[in-house]
There are 2 protein chains.
Amino acid sequence: MNSMLIKDNYYSEKQEKIARFAKALSNPVRVYILDYLANNLDKCCYSGDMAEELPIARSTLSEHLKELKMAGLIQGEINPPYIKYCINRENWEEAKQLFAAFFKR
Amino acid sequence: MNSMLIKDNYYSEKQEKIARFAKALSNPVRVYILDYLANNLDKCCYSGDMAEELPIARSTLSEHLKELKMAGLIQGEINPPYIKYCINRENWEEAKQLFAAFFKR
DNA sequence: TTTATATTTCGTAAATTTACGAAATGAATA
DNA sequence: TATTCATTTCGTAAATTTACGAAATATAAA
């Protein structure tokens, strides 16, 4: 209980954020998805568009999208029965800055 | 068998590399270690130095060091009975470029 | 109202990750 | 040669991740 509190505070906020964003990027499917969305700036994309390009089940794609959403890197706009996904620009910038600062040494 | 071949070739080399580097960074302990080493440019560090700063077992730290080494982000110079760890500058630069290019959109 | 459609959630299985303490390693020293 | 010391490897347990197909959801169309 006590040790959990200690551990929770052990790493800096930046270190935790980098780890969180990195985790979102730690799987090739998710990197592919982000590439796909980042290259379709104005259009954004539907889950189904990507499902046709990827060799995984639609339910698996959906879980990856959920993870990216929870990490804050994408957002989904409901447009029934579709969901239009886009890069979350604010958090994308934050991640960009964090990684740039981290590696700038 | 066949499907494995397809899947192995599905994602670009860059996407695979980003995922691999990101996985190395996906844990706060490892981000801490890299911060620690990156801030000690000329000195580099011994495993024991970090063990004193981190709330984890030495064996656990050793496994994290092994992962960072396998990801290519650090290297260890044997200097018995110590092992002096440093950032692997070549791969560090590669990771820096990859992430910068990835987020530059 | 029933049916069709896109997507997500659920249940589950297999693989991977994180962690620990104990034992092993390998070089330096007594 | 035996001991010491820093570090790693091993054995193991718990938690997390990835994946799938089936079922659920929620809206639009027939």
Side-chain angles (χ1 to χ4, degrees), chain A residues 1 3-4 6-8 10-11 15-16 19-34 36-37 44-71 73-86, chain B residues 3-4 6-8 10-11 15-16 19-34 36-37 43-71 73-86:
Chain A
M1 221 42 109
S3 72
M4 279 197 57
I6 290 167
K7 287 195 184 186
D8 280 355
Y10 207 87
Y11 309 102
Q15 287 168 339
E16 300 273 13
R20 215 154 39 237
F21 282 130
K23 194 166 169 190
L25 291 170
S26 71
N27 178 294
V29 176
R30 292 196 292 272
V31 176
Y32 181 103
I33 292 169
L34 292 172
Y36 195 97
L37 293 179
C44 295
C45 295
Y46 300 107
S47 171
D49 299 341
M50 288 181 276
E52 280 163 29
E53 313 258 345
L54 284 167
I56 57 173
R58 276 160 200 272
S59 56
T60 304
L61 170 57
S62 183
E63 312 263 23
H64 282 301
L65 289 168
K66 185 165 64 178
E67 268 206 63
L68 288 172
K69 217 183 315 174
M70 285 191 309
L73 288 171
I74 69 175
Q75 61 200 73
E77 184 190 309
I78 293 168
N79 191 1
Y82 302 96
I83 294 177
K84 194 162 80 174
Y85 284 104
C86 323
Chain B
S3 71
M4 279 196 58
I6 291 167
K7 286 195 183 185
D8 280 355
Y10 207 87
Y11 309 101
Q15 286 167 342
E16 299 273 13
R20 216 153 39 236
F21 281 130
K23 195 166 170 190
L25 290 171
S26 71
N27 177 295
V29 176
R30 292 196 291 272
V31 176
Y32 181 102
I33 291 170
L34 292 172
Y36 194 96
L37 293 179
K43 291 187 272 170
C44 296
C45 293
Y46 301 106
S47 172
D49 298 341
M50 286 179 278
E52 281 163 28
E53 312 258 344
L54 284 165
I56 58 174
R58 275 159 202 270
S59 57
T60 304
L61 169 57
S62 183
E63 312 262 24
H64 283 301
L65 289 168
K66 183 165 68 178
E67 269 207 63
L68 289 172
K69 217 182 318 177
M70 288 191 307
L73 289 172
I74 68 173
Q75 60 199 74
E77 183 191 309
I78 294 170
N79 192 1
Y82 302 96
I83 295 178
K84 195 161 79 176
Y85 283 104
C86 324

Annotated protein contacts, base or backbone, on nucleotides 24-30 of chain C with a non-hydrogen cut-off under 4.0 Å, one of B, S, - each: ---S---

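B:Tyr32 and A:Gln15 make their closest contact through CA-NE2, 3.6 Å (heavy atoms, listed as atom of the first residue, atom of the second, distance). Across all non-hydrogen atoms, the minimal contact from B:Tyr85 to B:Leu37 is O-CD2, 3.6 Å.
Listed by chain and residue number, nothing satisfies the side-chain hydrogen bond (donor to acceptor under 3.5 Å, both in side chains) test with A:Glu63 (two or more places apart in sequence, or in another chain). For A:Leu34, the side chain to side chain contact (heavy atoms under 4.5 Å, CB included) partners are A:Leu25, A:Leu68, A:Leu73, A:Ile74, A:Ile87, A:Trp92, B:Phe102, not counting sequence neighbours. Evaluation of the side chain to side chain contact (heavy atoms under 4.5 Å, CB included) rule for B:Ser59 yields B:Ala57 as partners, not counting sequence neighbours. Partners of A:Glu67 according to the side chain to side chain contact (heavy atoms under 4.5 Å, CB included) rule, which considers only residues two or more places apart in sequence or in another chain, are A:Arg30. Under the side chain to side chain contact (heavy atoms under 4.5 Å, CB included) criterion, A:Ala51 pairs with A:Arg58, A:Leu61, not counting sequence neighbours.
Spacing between atom CD1 of A:Ile83 and atom P of D:dT25 amounts to 15 Å, rounded to whole angstrom units. One can place CD1 of A:Ile56 at 12 Å from P of D:dG21, the figure rounded to the nearest angstrom. Between the CG atom of A:Asp49 and the P atom of C:dT5 there is a distance of 17 Å, rounded to whole Å. Per the geometry, NZ belonging to A:Lys84 stands 17 Å off C1' belonging to D:dT27, to the nearest Å.
With rounding to the nearest 0.5 angstrom, the NE2 atom of B:His64 is 6.5 Å from the CD1 atom of B:Ile33. Interatomic distance, CG of B:Asn27 versus OG of A:Ser26, reported as 11.0 Å (0.5 Å rounding).
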task: Before giving the answer on side-chain contact (heavy atoms from CB on, under 4.5 Å), spell out for A:Leu54 and B:Tyr11 the whole-Å C-alpha distance, their side-chain angles and the decisive distance to 0.1 Å.
output: CA-CA 9 Å; A:Leu54 284 167; B:Tyr11 309 101; 3.6 Å; yes

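Taking side-chain N and O atoms only, A:Tyr85 has a distance below 4.0 Å to OP1 or OP2 of C:dT8.
Residues of residues 57-70 of chain A that place a heavy atom closer than 4.0 Å to DNA chain D, in numerical order, are A:Ala57, A:Ser59, A:Thr60, A:Glu63, A:His64, A:Glu67. DNA chain C is contacted by B:Lys23, B:Asn27, B:Arg30 of residues 21-34 of chain B, taking any non-hydrogen atom closer than 4.0 Å.
The shortest distance between side-chain heavy atoms of B:Tyr36 and B:Asp49 falls below 4.5 Å.
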